[in-house]
Amino acid sequence: MVLYYFHERVWFKINLSKDGKLLESRKRHFGKTITWRIVGTLDTILLAWLISGNPMTGLKIGFSEVVTKMIFYYIHERLWHRSKYGLVDNESESITT
């Protein structure tokens with residue numbers, strides 16, 4: 001969860017905006033999917049290696065989960081995109097300030 005939080009913060013800081021509005025597109029979601037999967041897979045490989053004591057076991061476990069978790073994350077991201085939870089509406093913010 002800590003890695004996911006920091007991954008989200010980095011992507012939030014990446015300025016993909018047009019006319020002050022954050023661009024949320026399928027390309028952005030795909031990019032987040034790939035980068036998160038890299039972080040997640042490296043974490044899985046490292047943990048499996050530390051637990052098993054065998055780096056090959058870590059690699060096998062890590063690479064076996066890559067595809068399914070990318071698919072699940074992409075679906076998660078598309079569903080989460082429908083929610084406006086935690087996002088600031090620039091238009092209403094500028095009206096109040």
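Sequence positions, counted from 1, serve as the residue numbers for this chain. Please read these numbers as outputs of a predicted model, since none were measured by experiment.
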Donor-acceptor under 3.5 Å (Thr35 side chain, Lys32 main chain): yes
Reported OH-to-CD1 distance for the pair Tyr74 and Ile34, which is rounded to 0.5 angstrom: 11.0 Å
Mutual orientation of the aromatic rings belonging to Trp80 and His76 [parallel < 30°, tilted 30-60°, perpendicular > 60°]: parallel
Hphob cluster co-occupancy, Trp36 + Tyr5, side-chain heavy atoms under 4.5 angstrom: no
Nearest-0.5 Å distance, CE of residue Met56 to NZ of residue Lys60: 5.5 Å
Working for side chain to side chain contact (heavy atoms under 4.5 Å, CB included), residues Leu46 and Leu42: CA-CA 6 Å; Leu46 180 62; Leu42 290 174; over 6 Å; no
Side chain to side chain, Ile71 and Ile75, heavy atoms closer than 4.5 Å: yes
Shortest non-hydrogen contact from Ala48 toward Gly58: CB-CA, 3.6 Å
Check: Ile61 and Trp49 side chains under 4.5 Å, non-hydrogen atoms: no
Reported OG1-to-CG distance for the pair Thr57 and Leu50, which is rounded to 0.5 angstrom: 12.0 Å
Joint cluster assignment, Val66 & Ile45, ILVMFWY side-chain distance < 4.5 Å: yes
Side chain to side chain contact (heavy atoms under 4.5 Å, CB included) evaluation trace for Val10 with His7: CA-CA 5 Å; Val10 167; His7 178 262; 6.0 Å; no
